[in-house]
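Labels below follow one simple rule: chain letters A, B, ... track the order of the sequence lines, proteins then strands, and each chain is numbered from 1.
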There are 2 protein chains.
Amino acid sequence: MNAFNNIEKKDLDKLFKCLHAINLNIKKGGTIISNLSNTDTICIIIDGSASVIRIDYNGNKSLIDTLHKDDIFESKMFNLNNSELSIIANEETNVIIIEYGKFINRCKKNCPYHNQFIDNTLSIILNKLNDNYERIQILTKKTTREKLREYFTIISNKRGSKRFRIPLSYSDLANYLSVDRSAMMREIKYLKEDNLIEVENRIITIKY
Amino acid sequence: MNAFNNIEKKDLDKLFKCLHAINLNIKKGGTIISNLSNTDTICIIIDGSASVIRIDYNGNKSLIDTLHKDDIFESKMFNLNNSELSIIANEETNVIIIEYGKFINRCKKNCPYHNQFIDNTLSIILNKLNDNYERIQILTKKTTREKLREYFTIISNKRGSKRFRIPLSYSDLANYLSVDRSAMMREIKYLKEDNLIEVENRIITIKY
DNA sequence: AACATTTTGTTGCAAATGCAACAACAAATA
DNA sequence: TATTTGTTGTTGCATTTGCAACAAAATGTT
């Protein structure tokens, strides 16, 4: 799913004009958006990836989210009172920037492609919300074992198979689950010993 | 903020007709929506409150979210593959049910109130997304102490004061932070002893 | 007012977890 | 190809945490 799904090529140009969309190419490490408090903008990742970073009043940085191809960022999503937000490109990244007002206020003509665009955007945002609920579902589990099992069943259900490849490195998975990596590796070992899963590299098989 | 903000009373009836909106009054314990897999619906809580409950393949129930007045529920938010979802009224609750298709496909007339309604809805959803990011920000902290401090600073920033009343009982707070209640009480005691906070019932003062 | 129910405060103890530290690989880069 | 950088696997140990269990307050209900 992407924000321009089901919009014909010939209409895209019209849409971009209507939205006053700005194309940006940002090199690795470059800042896509900073200091969001003032501007209400939508940012669509065309390709590449970026990190959403929060800088609190003490100057501590924390990674809030990672944006990938087709992802949408909107300032209201991260309304982190009293702290600054930056979006930094993790690699060469192309984005489209749109002012929120231009996005939401359709012109009088009621162009079908603008409606389609809003429809797509809403879908992507609802999907993001779903991802968050999934993560909360995992993070609220008390033990590392429960977190792993919840994560594995979610992936397994998505793929429709008890055998699947996890889409993260084990280091990244530990971060996602918010547990110590070494403790997580230990727990995976125990899950294997208890014959609940099988592991070959990043391919997991659930045995129950 | 509520989904019908800035829509005039006289337009509301037209909007409801246009949306084919259904009003429901559900008594305490009653089911608002169940078995969501098939229907793509939007549910707006007019007053009362409700619990979003997930029932997994083993029949285990877990509370996913609590809906309050003005909250919006959309099935795509909880696209929990392979498990059922129910929304149960926690008290007498009035809701409005709208089919997603009717919501997103504006009629040819491009009625301003329909646009306003979509605008409002998107705002509420973005706000929900923000709430989720806040909770994830808290849940990814490793220790109970860090979770508490993160929670306190978020509330403090929202209220614009170092002294504030927490909007939850301590039992509910423990649930929200996903920590053991007794362990949390112990940690609050330590925070007091270390002179980092002051506590009078549910009023907290941050001392740094 | 009497009763039941929920919330709060506290503690000992066992279990789970983070941390530090290191070695073996694998992958990316010069 | 050599070298640097990142990932995986493992362990001992101190700390944190969940759990169980109980009493005291507070709150809600008849």
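- Taking atom CD of A/Glu200 as the reference point, atom P of D/dT8 lies 15 Å away to the nearest angstrom.
- With hydrogens and angles disregarded, a donor-acceptor distance shorter than 3.5 Å links the side chain of A/Arg135 to the backbone of A/Tyr176.
- A donor N or O paired with an acceptor N or O is found under 3.5 Å between the base of C/dG9 and the side-chain atoms of B/Arg181.
- Using the six-membered ring where Trp is involved, B/Phe103 and B/His114 have ring planes that are tilted, between 30° and 60° apart.
- Nucleotide D/dG9 holds its P atom 14 Å from the CD atom of A/Glu193, rounded to whole Å.
- Computed from coordinates, the A/Asn90 CG to D/dG6 C1' distance equals 16 Å when rounded to whole Å.
- At the phosphate of D/dT17, neither OP1 nor OP2 sits under 4.0 Å from any side-chain N or O atom of B/Arg145.
- Rounded to whole Å, atom P of C/dT17 lies 11 Å from atom CG of A/Asp180.
- Residue B/Ala183 is the one, among A/Glu187 and B/Ala183, whose nearest nucleotide of DNA chain C lies closer to the 5' end (criterion: closest heavy atom).
- Here D/dG9 is the nucleotide among D/dG9, D/dG18, C/dG18 with the atom lying nearest to any side-chain atom of A/Met185.
- At a threshold of 4.0 angstrom between heavy atoms, the contacts of B/Thr144 are confined to the sugar-phosphate backbone, with no base atom among them.
- The CD1 atom of B/Ile188 sits 17 Å away from the P atom of D/dT16 (whole-angstrom rounding).
- Side-chain proximity of B/Arg186 to D/dG18, D/dG9, C/dT7: nearest is D/dG18.
- Remark: B/Ser182 is not in phosphate contact with D/dC19, judged by side-chain N or O atoms under 4.0 Å from OP1 or OP2.
- For the pair B/Lys76 and B/Tyr100, the distance from NZ or CZ to the six-membered ring centre is under 6.0 Å and the angle to the ring normal is within 45 degrees.
- A cation-pi arrangement is found for A/Arg149 relative to A/Tyr208, the charged atom lying closer than 6.0 Å to the ring centre and inside a 45° cone about the ring normal.
- For the pair A/Leu168 and A/Lys142, nearest-nucleotide mapping onto DNA chain D gives the more 5' position to A/Leu168.
- Per the geometry, CG belonging to B/Leu173 stands 15 Å off C1' belonging to C/dG9, to the nearest Å.
- Residue A/Lys189 places at least one side-chain N or O closer than 4.0 Å to OP1 or OP2 of D/dT11.
- Atom CG of A/Leu148 is separated from atom P of C/dA16 by 14 Å (rounded to the nearest Å).
- Between B/Arg202 and the phosphate of C/dT8, there is a side-chain N or O to OP1/OP2 separation shorter than 4.0 Å.
- B/Met184 places its CE atom 18 Å from the P atom of D/dT16, with the value rounded to the nearest Å.
- Taking the ring centre of A/Tyr170 as origin, the terminal cationic atom of A/Arg181 falls outside the region bounded by 6.0 Å and 45° from the ring axis.
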